[in-house]
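Please read the structure below before turning to the comments.
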Amino acid sequence: MILRTPPPRKRRAESNPPEEGSPAGRLVIYEDPPSPQPESSPLPSDHLLCTYQCRQMVKAELLDNYASMEKTIDENQSKLVTLNENLLTAEEEGKKYRDQFLYAEQELAAARGREQSLQDKLLKEIKESQERLTKQIQQCNELEVKLQKEESMRRSSESSAAAAEEKANRLERKLNQLSDSTERERKNLQDELKHLKGDSKLSMSRLRAELERVQCQSSNAVKESEQLKKKLEEVIKQLNKCLQEKNELETKISSFTCPEEGSESSQNDVLLKHLQEELRNYEYEVLEARKLKASHENIELVKEKLIEERRRRERAEAELTKLQEIQLSMNVLEDELASWKKILKEIPGVESSDDVPLKFVALQKEVIDGMAKLGEANTRLKQLEVALEGAELDKKNVESETALAKEKEESLKLEIKELKSKLLSVNEDGDQLRTAYNELKQQTNVEPGYEAVGRALTQGLESSLAQKDTYIKELELNLSEHKAANDRQRNEIRMLNEKLNSEARKIKSLERESDRLRSEIALLESKLGHGDFSSANTKVLRMVNALGVESEARQTIEALQCELQKANEKLQVVEELKKQSADAGQLVDSYISGKIVQLKEQISTLEKREERYKTVFADRISVFRRACCELFGYKIVMDDQHRSNGIPITRFTLQSIYAQSDDEKLEFEYESGNTNILINDYAKQRDISRQVEIFIRKLNSIPAFTANITVESFNKRTLS
Amino acid sequence: MASKTVAKDIITLRGSAAIVSEFFEESFGKVKKYGLPLLLTQDEGVKSFIANLTAQLSEWLEAGKLQRIVLVIMSKSTNEVLERWNFSIETDNEVVETGVSREKSDKEIMREIQAIMRQIASSITYLPCLDEPCVFDVLAYTDKDVAAPLTWIESDPKLISNPQMVKLHSFDTKIHKVNTLVSYKNDDDDELDEQ
């Protein structure tokens, strides 16, 4: 700020009025001593020297003049004094005005300075606010970027969470499926077991029934044979009687007609001999028939044995296949067990299988909690949605308010600009005033008589100064008001921005929550729709399929009916046979030959069949033996023996195909499921006995022993 | 149906239960019902099965104990669940407990059932083909305190893993609300598995 002080005034010596006592320069008296006037200033009245009269005349005139001059001088002096006084007062007034002007100028300058400072301040504030705004915008952008990042992270985390949940669900489902499948398999196995048991019972009962039937048949046959024997004996007795009678008759005849009917007796003898021969033949035939019958029974026994063997074989084969299946299922179950164990390991918080049901219970509880939470979440979601709508409305209001505030700011800026322009105009006015004042000064310098004009000008200046002052004050007031309004609005804007930010944050959090809840709802709804249920308050029932049960029952009933029919037919056949046998007892003589023929035929066919069976059996057994020999490396010889107490024993002699001598034989005894080694010479050898001790006695494994022997003898052979 | 007073458009619990059980009964009948021709099985065994089933179901419906009925269609050979027709039932417990009536016209209910029937009939357009012999089974989701009758046993829910689901219309007697949903095996999974 520059305070401009007016330059010091020079005293106007030139303008001072002529002083008293100074030489007039008009009239000078010759006789008078020369005045101590400097000679350098020659007077123009030197040439006016005259005589005495003249002098007197001049003296009188001079005196008159002098008096008049003195009068005028006095007047002038008084005038001068008044003028001087006037001048002094004017000077004082001018000084005052000047001071006032200077003061006004100072004030103006101060005001200008203030204004400038205010402008500067305003500019600074505007700049600062702009900078803040830009910073805030930058921060906003940064925050948005952060928000986006966070959103993306959230999404990724949500997706990962969803994936994890899905995994967990899948695992649960797998677990359930596995448990279900294991249970089902268990049930199936149990069912199969039951079936098998039922089958075995059925077959047992059937076998028993058949056995009883056969026993009945055999007992019947035995009875029949006994009856037949009795009849035969009776017949023999009758025959003996007949023979006796015949002998008696012969003796009688011989006594009566010995001489006469020698030829006849000889013929009778011949006839008798023939008859006897025939009788013998019959007896032979009867004996043969008995033998054949016995052999027939034997054949039947053998057949039954065969059938039994075959059944056993079939059963064994079936059991083998079942064994394989069971092994497969065992493997499958083991795999499942392993997978279960893995799953158990994977399930957090579960260390043993006992924890699994607990875990299940916990999971179910979680599901229930989830359902409850879902309800809560729904209500909360609705609340949040309502709040969201309110927040959005608030946001809109705030946005409109901010827009209004911005408009106000712009209008304020415009006003500030206007004020600036007004200030400029005021400055210009001040300049103009200054120039006017300078002009006035010049004028006063040039024309010091224009006081009235100066006064008017100063008055005008004063009035204009006062106006300016008031104007400046108004402007200042305006400015301060504007500033205050600006500050208020800025504060409001800040507040609104904060509100807006908080609302935006709220909205985002609400949106996030609503998204989460929506996804949760969707998940739970899909679960619900899918058929999931809480086992705490729901159970699933199914009607036992009466259709399937009925059809199964019908099938079994039909099978039983068929069996019943067959049994009836058999009964009828048996009854017929009984009748036939009863009849045969009566008509044994007439039917005996036919029967014998039939039996012979039967025997021959049975013999043929037996031979066929034998050959087939021999073929099969040789194949089996060869296969055993090839597969296990031992020639096996089987020998049936009986102990002293009648218990049958089967002796097996094994000879390795890698044996180096015929003595290398292993002997085993098989008795009702137990196999024991017989210590022979070969087995007494040290290394063999050691192996027997290890493998058979300690480890209880004959196959390992034989396999080891095989390997050793193979090695001996190949290495030697 | 007899216990319902049609003139006042008032429906009772009994009537509602009858309508709902009839809906399940008649679903398999060849009759002109709900303004639509429906197919009825000729198999006496299936008929008696359904008769027993609906008798039990209507009993549960009247007691308000039935939460859901599921018709499961399974492969006969593998027992794999191929389709699952889900009829979830929301019962107005107030009606069950206090025996008050609600107002809804028969006609409106029939229209809603007709809409479901139409949807079921048209579901053949998007359901996968059942090109193997199948069996069906009916599951009932009941309250836990229901004592299972002799002919009913507890069962697993026979769920389909990762199913496709189609929500059908629902019908409402103001006492029972029946929501229908069919879920079926997702064929895309098979294709993916094969790839």
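By convention in this document, chain letters (A, B, ...) are assigned in the order of the sequence lines, proteins followed by strands, and residues within each chain are numbered from 1.
- In terms of heavy-atom pairs under 4.5 Å with chain A, the best-connected choice from B:L181, B:L159, B:V138 is B:L159.
- In terms of heavy-atom proximity, B:N162 sits nearest to A:R173 at N-NH1, 4.4 Å.
- Residue-environment remark: NZ (B:K47) exceeds the threshold of 12 foreign heavy atoms within 6.0 Å.
- Within 6.0 Å of atom CD in A:Q565, 12 or fewer heavy atoms from other residues, nucleotides or ligands are found, so the atom counts as exposed in its surroundings.
- The line from CD of B:Q67 to OG1 of A:T538 is 3.5 Å long, rounded to the nearest 0.5 Å.
- With chain A as partner, the option from B:D137, B:V135, B:V72 having the largest number of non-hydrogen pairs under 4.5 angstrom is B:D137.
- Between B:N52 and A:M543, some side-chain heavy-atom pair lies under the 4.5 Å cut-off.
- When every heavy atom of B:L139 is checked against every heavy atom of A:R542, the shortest pair comes out as CD2-CB, 3.6 Å.
- Counting heavy-atom neighbours within 6.0 Å of A:M371 CE, excluding the residue itself, gives a total of 12 or less.
- Using a distance-only test at 3.5 Å, with no hydrogens or angles considered, no donor-acceptor pair links the side chain of A:Q177 to the main chain of B:S161.
- Looking at B:E154 and A:L541, their side chains come closer than 4.5 Å, going by heavy atoms from C-beta outward.
- Sparse packing is recorded around CD1 of B:I124, with 12 or fewer heavy atoms of other residues, nucleotides or ligands lying under 6.0 Å away.
- Residue contact with chain A, scored on non-hydrogen atoms closer than 4.5 Å, is absent for B:V70.
- Other residues, nucleotides and ligands contribute only 12 or fewer heavy atoms inside 6.0 Å of the CZ atom of A:R380.
- With a threshold of 4.5 angstrom between heavy atoms, B:D156 approaches chain A through its backbone and through its side chain.
- By the neighbour-count criterion of 12 heavy atoms within 6.0 Å, atom NZ of B:K144 is densely surrounded, having more than that number from other residues, nucleotides or ligands.
- For chain A, the nearby parts of B:L53 are the backbone and the side chain; heavy atoms of each come within less than 4.5 Å.
- Checking B:T142, B:D145, B:D143 one by one against A:K539, the side-chain contact (heavy atoms from CB on, under 4.5 Å) holds for a single residue, B:T142.
- Looking at A:E183, there are no atoms closer than 4.5 Å to chain B (heavy atoms on both sides), in backbone or side chain.
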